[in-house]
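Chain A is the first sequence line, chain B the second, and so forth, proteins listed ahead of strands; every chain is numbered from 1.
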2 protein chains.
Amino acid sequence: MKPNFTLRLRVFNLNCWGIPYLSKHRADRVKRLGDFLNMESFDLALLEEVWSEQDFQFLRQKLLPTYPAAHYFRSGIIGSGLCVFSKHPIQEFTQHVFTLNGYPYMIHHCDWFCGKAVGLLVLHLSGLVLNAYVTHLHAEYNRQKDIYLAHRVAQAWELAQFIHHTSKKADVVLLCGDLNLHPKDLGCRLLKEWTGLHDAYLETRDFKGSEEGCTMVPKNCYVKQQELGPFPLGIRIDYVLYKAVSGLYISCKTLKTTTGHDPYSGPPFSDHEALMATLCVRHSPPQQNPSPTHGPAESSPLTSVLREAWAEVDQGMAQARWWATVAGYAVGLGLLLLALLCALAAGGWIREAALLLWTPNVGLVLGAGAFHLFHLQEAKSLCKTRTELQHVLGRAREAQDLGPESQPALLLGQQEGDRVEEQ
Amino acid sequence: MKPNFTLRLRVFNLNCWGIPYLSKHRADRVKRLGDFLNMESFDLALLEEVWSEQDFQFLRQKLLPTYPAAHYFRSGIIGSGLCVFSKHPIQEFTQHVFTLNGYPYMIHHCDWFCGKAVGLLVLHLSGLVLNAYVTHLHAEYNRQKDIYLAHRVAQAWELAQFIHHTSKKADVVLLCGDLNLHPKDLGCRLLKEWTGLHDAYLETRDFKGSEEGCTMVPKNCYVKQQELGPFPLGIRIDYVLYKAVSGLYISCKTLKTTTGHDPYSGPPFSDHEALMATLCVRHSPPQQNPSPTHGPAESSPLTSVLREAWAEVDQGMAQARWWATVAGYAVGLGLLLLALLCALAAGGWIREAALLLWTPNVGLVLGAGAFHLFHLQEAKSLCKTRTELQHVLGRAREAQDLGPESQPALLLGQQEGDRVEEQ
């Protein structure tokens, strides 16, 4: 690597809204997206909500000359919807499926069936190791009464932990995706504080696109006004985030979004806006590096966001345990009723009614049983997240007690801490 | 770190057979295990099958003076059963739950409900970063006709990938656990070839314990002869595996196993034998280092084991798709029967019989529906594993084509390969 070396990285991100049978003009949008990606020849195109593998295969064939490497991340029943097209060889890839992802009985919301995940690609560019992550978190259906908040916080934490543990030898880290989180939402702050990732929209000096960088805007003909709720300008939930190791300086030269239509003022590619970023990586003396390798330089905002996340996850855990208990009682009640119905049918009393009630009762027992087991597992997973948050919180507090100069080193594990216990 | 530096690491591993209500003399065994661990004061004690969190809490209280740090890995409905006690502070921990882990309808085998996982602990010892992993893979119930083989191979691959991607900055890597794999089984070879981990039993010059290092032996009063099948001497399925980065040399000074009773010739701690290893880490010039950092030095055994794993996973995928299709037909049939029963009941013909058949039919539709979705998800996860294996296989073949001197570098990603495509 030469001293005056500069790596220029052009990145494209889009939630494609590719739901078979449901998303409007899907085939046409996918085709036009392919044409655009081919013409622009980005280094990396990271896509979400490509729910149909046929769409991925279609794009793959179409993009093969420009993007010789591609990968589709398979998970869950429907899939993760994540895929990536790369101009450069993909050295390695893997994925992590989020432990919590909504409720199977919320069939109309469908997230549980999707296997939401984070995908990792390792690329080697000009002697640098680039870890590129693509993700899609659980959707937010009701901001005022969000039953999925604890799950989304847990997903943001799992995402942050996955990046933290898998990027320790990476020179450059890039995360693109639909986080379903507004910039000041707990999950977004937690992710940024724990990984030290920077938000391209906040960092760039050259932004062109929708007002306030929104990625779902009312001008987009596929967006229903009620989806935006109390945000008439739109919402910003899709991101390009990045960081580089000490010794390297990464910056976002330009960031563009589409603005409710495709880049040629035609119909939009999706109900989300696309993000197009040009990142520059160059040498920098460590002391001048504004992007820390891992974790934050100050532990106070971290401590505060960890505490907030802990409280949210704790509340979610209590809720999950409550549901598990209620369902446990329902199983007991159902079994009692079944015994009663058997006795009635055997004794010849109201035989027909007893037989008619038999089915819903068996349904009650099985349904409540499954509900009980599901919420037990939910409580266990949230407890795991809470324990991890508590451990990091404990270490952040230790770092604070030791004074500011010890904070980054202790938090990033460059020296041994005192005895650490987990709850 | 001084030039003549040596790190001595004493490690204990045991599958504790701690099933509440089912495992014999559990409370007594856990108590005696605690006494032994306190007396021996290992650096790390890694335990599996601690299914009851009360047992963990009991041990934690008991071991607190000797092992101030501890962690219980929570997952699934029952739990992962994994926990760890450490004399040294735990800097970080996280876990990965295996995507595939048996079948929910195999209730008597119970594995699906357990959330089998791999747990990771990061410790800092004498300036070195130690990544310690603890795991427990799906049990083998019938070696002749093993319906879980594809799942266990997929788990071994996920375990290897998790270690590969999270240990890139670790100086020393340690994996302990019950792999439910014999030393020459496909999963075990795959894990060792892809991670470059060494088997303490095969490496040590000072072994004391059961014949051939077996960890389930007929002499153990809790082991039933039929569990050992055609292996009268016992089986070796619990392991201590390790490696160190280039520049460090790691060796197993001593390895001991219990031999069907506890170390004082009393009743055994478990139905498995405990492993006690003393590892030594010291400086070594890179060229003399017999333990490669990541991946193998020769790609030929890797290529062969990857190909074998690919075939096994591919077969599992075909099986999963077949079951999903059969279940899909069963749903259709069930719906037809339901419509027929409704018509019969409404028309007044054989009304009582129709009502009686209603419940099993609803059960058929719901059960077959769940079965269909489960096997769809299984097929998707196996497809993911197959794609990852194929990608690595492709790269291993490229490395072979480039000649032996390029193999380690290309496989370990130290230089850019040619265009890489995944299927």
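- For the pair B/His391 (side chain) and A/Ile90 (backbone), a donor-acceptor distance under 3.5 Å is present.
- Of all the listed residues (A/Glu53, A/Lys380, A/Lys384), the one sharing the greatest number of non-hydrogen pairs under 4.5 Å with chain B is A/Lys380.
- Residue contact with chain B, scored on non-hydrogen atoms closer than 4.5 Å, is absent for A/Glu158.
- Among B/Gln95, B/Glu388, B/His96, the residue making the largest number of heavy-atom pairs under 4.5 Å with chain A is B/Glu388.
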Test side chain to side chain contact (heavy atoms under 4.5 Å, CB included) on B/Thr387 and A/His71 and set out the steps. CA-CA 9 Å; B/Thr387 309; A/His71 184 62; 3.7 Å; yes

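- Contacts between B/Ile78 and chain A at a heavy-atom distance below 4.5 Å involve the backbone alone (N, CA, C, O).
- Contact of B/Phe162 with chain A is not made at all, since no heavy-atom distance falls under 4.5 Å.
- The pair A/Glu92-B/Lys168 meets the salt-bridge criterion, with a side-chain N (NZ, NE, NH1 or NH2) lying under 4.0 Å from an Asp/Glu carboxylate O.
- By the 4.5 Å heavy-atom criterion applied to side chains, B/Gln91 and A/Arg395 are counted as neighbours.
- The side-chain hydrogen bond (donor to acceptor under 3.5 Å, both in side chains) check on B/Asn131 picks up B/Tyr133, with sequence neighbours excluded.
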Give every donor-acceptor pair under 3.5 Å between a side-chain atom in residues 365-379 of chain A and any protein atom, sequence neighbours left out.
from	atom 1	to	atom 2	distance (Å)
A/His372	ND1	A/Ala324	O	2.7
A/His375	ND1	A/Glu378	OE1	2.6
A/His375	NE2	A/Tyr105	OH	2.8
A/Glu378	OE2	A/Tyr103	OH	2.7
A/Glu378	OE2	A/His151	NE2	2.6

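- Per-residue counts of heavy-atom pairs under 4.5 Å with chain B were compared for A/Gly76, A/Ser381, A/Ser86; the largest is that of A/Gly76.
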